[in-house]
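Every number for a ligand or one of its atoms is a count from 1 in the order of the listing. This structure is a prediction, so every number in the text was calculated from the model and none was measured.
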Amino acid sequence: MYYTILGSMGVENILITGASGQLGAVLTKSLQQKFGIDHVIATDLRPNKEARGIFEKLDATDPEALKQVVKRYKVTQIYHMVAILSAKGEAFPQKTWDINMGTLLNVLEISRLLKVKKVFYPSSIAVFGHHISRINTPQFSNLTPTTVYGMTKVAGENWGNYYFNTYQLDVRSIRYPGVIGYQSLPGGGTTDYAVDIYHKAVKQEPFECFLKASTRLPMMYIEDAVRASIELMDAPAEKLSVRTSYNIAGMSFSPEDIVASIRKTYPNFEVRYNPDFRQKIADSWPMSIDDSKAREDWGWKPRYDLDAMSRVMIENLKSYYNSVIA
Ligand code: AKB
């Protein structure tokens with residue numbers, strides 16, 4: 001059994017909830033590289049078929065099941081990646097609240113009881129809503145979100161801050177922008193068009209965009225998002241002045257910008273704009289983010305801009321679709 005070798009002095013054992021999701025899958029790989037494959041416990045309702053290493057089927061809404069896994073593997077850090085995202089959440093508001101909040105409260109309380117050293121909690125640009133300046137949105141802005149997902153993220157940030165101040169549980173958090181990667185498909189987000197569009201371009205099919213051409217949003221390439229999360233978890237505790245959640249920025253672009261970038265490779269790529277209910281959500285979010293606190297406190301710096309990301313996305317999706325056809 002893997003877990004008999006875990007848990008010796010000074011060794012970190014990392015548990016990831018939602019490990020089969022878009023970010024969870026890439027994060028799991030990076031954490032395996034950093035800590036060793038036997039020290040990372042990927043958990044989800046369903047396994048990620050391509051993943052290697054330890055996997056436990058886990059419903060994070062079940063506190064007893066979560067507690068058993070944390071105990072068995074002598075977990076020292078948790079990355080809690082379970083969430084129903086912004087667009088999907090609007091179809092199931094109460095379920096979204098129950099799952100997003102219930103799983104977080106389980107993670108926080110079990111971490112407190114079992115003395116887990118650090119917890120990572122992903123927040124989102126969805127915490128912002130009306131009454132903000134949408135350009136370079138400051139770290140400390142009004143948080144009146146327009147979606148249930150955003151409401152859970154504001155509440156979650158405050159719970160993290162509460163556990164830090166009240167129980168000295170070392171909770172750390174980032175407000176992710178839209179995250180774009182080739183490794184897996186996201187599900188249920190407002191920023192997901194920016195992943196789907198690359199798949200269509202590489203398959204040389206036309207794309208129908210659910211946002212208006214000019215809708216500018218903060219975005220980030222997945223490698224930057226994963227690196228940011230691990231860098232924040234590695235930062236010395238005394239450097240961290242924000243215990244709700246850090247703004248981080250990668251790039252900001254609109255559908256027409258990403259189309260122009262893709263057309264550098266596929267000049268005939270066709271796009272039609274057909275905005276739906278997600279337009280209203282996007283219109284309530286920042287266009288760009290001020291991440292100076294993250295830069296000052298723990299040295300955050302993105303590596304990818306739009307064209308660099310387009311090159312990696314197109315190259316990797318081309319290899320993927322060629323291998324599927326072969
Ligand atoms: C979504 O669109 O819901 C997410 C997010 C920005 O948190 N990608």
Side-chain angles (χ1 to χ4, degrees), residues 17-18 21-27 79-93 95-97 99-101 103-104 120-129 132 134 137 141 143-157 160 173-199 209-212 215-226 228-229 244-255 258 275-289 291 302 304 309 313:
T17 68
Q22 185 210 12
L23 261 158
V26 181
L27 184 61
Y79 285 73
H80 177 49
M81 307 308 286
V82 170
I84 298 185
L85 300 184
S86 58
K88 191 169 174 199
E90 294 307 281
F92 312 100
K95 183 175 164 200
T96 300
W97 179 266
I99 289 180
N100 290 7
M101 295 316 302
T103 57
L104 173 64
F120 178 80
Y121 174 62
S123 185
S124 160
I125 53 164
V127 294
F128 301 111
I132 54 163
R134 294 185 63 215
T137 304
S141 293
L143 301 182
T144 314
T146 56
T147 61
V148 176
Y149 168 68
M151 285 159 57
T152 66
K153 289 300 177 190
V154 174
E157 289 185 2
S173 175
I174 277 173
R175 291 174 179 153
Y176 287 130
V179 173
I180 297 141
Y182 62 86
Q183 295 89 338
S184 51
L185 286 169
T190 303
T191 57
D192 292 359
Y193 86 87
V195 180
D196 298 339
I197 197 168
Y198 284 108
H199 286 261
C209 186
F210 58 71
L211 296 183
K212 283 195 273 192
T215 312
R216 195 166 157 239
L217 288 170
M219 300 278 189
M220 185 172 282
Y221 181 52
I222 199 159
E223 266 179 35
D224 272 346
V226 164
S229 315
T244 48
S245 190
Y246 278 99
N247 278 7
I248 56 164
M251 57 190 102
S252 279
F253 60 77
S254 62
I258 195 170
D276 65 15
F277 72 100
R278 288 167 280 197
Q279 185 65 48
K280 211 168 150 201
I281 300 177
D283 287 342
S284 75
W285 287 355
M287 293 189 216
S288 59
I289 292 285
D291 63 357
Y304 286 83
M309 179 175 77
M313 288 294 290

For this session: Looking only at protein heavy atoms, identify the closest one to atom 1 (C) of ligand 1 and say how far it is in Å.
Result: S86 OG, 3.3 Å

Problem set entry | For L85, the ligand 1 atoms whose distance to one of its heavy atoms is below 4.0 Å | 3 (O)

Problem set entry | Protein heavy atom at shortest distance from atom 2 (O) of ligand 1 | T190 N, 2.7 Å

Exercise. Just by distance, do the side chain of N100 and the backbone of Y149 share a donor-acceptor pair under 3.5 Å?
Worked result: no

For this session: Verify the distance criterion only: is there a donor paired with an acceptor across the side chains of S86 and T190 at less than 3.5 Å?
Result: yes

For this session: With atom 5 (C) of ligand 1 as the reference point, say which of G150, S124, A83 has the nearest heavy atom.
Result: S124

Exercise. So which bit of A126 gets within less than 4.0 Å of ligand 1, heavy atoms only: side chain, backbone, both or neither?
Worked result: neither

Exercise. Is there at least one pair of N or O atoms, one from D192 and one from ligand 1, spaced under 3.5 Å apart?
Worked result: no

Seminar exercise, completed: Short version for V179: what comes under 4.0 Å of ligand 1, heavy atoms counted, is neither

Seminar exercise, completed: Scanning both residues in full, the closest heavy-atom pair of A194 with M219 reads CB-CE, 4.0 Å

For this session: Would you tell me whether T146 and S284 have side-chain atoms, one donor and one acceptor, within less than 3.5 Å of each other?
Result: yes

Problem set entry | Closest protein heavy atom to atom 4 (C) of ligand 1, given as residue, atom name and distance to 0.1 Å | T191 OG1, 4.0 Å

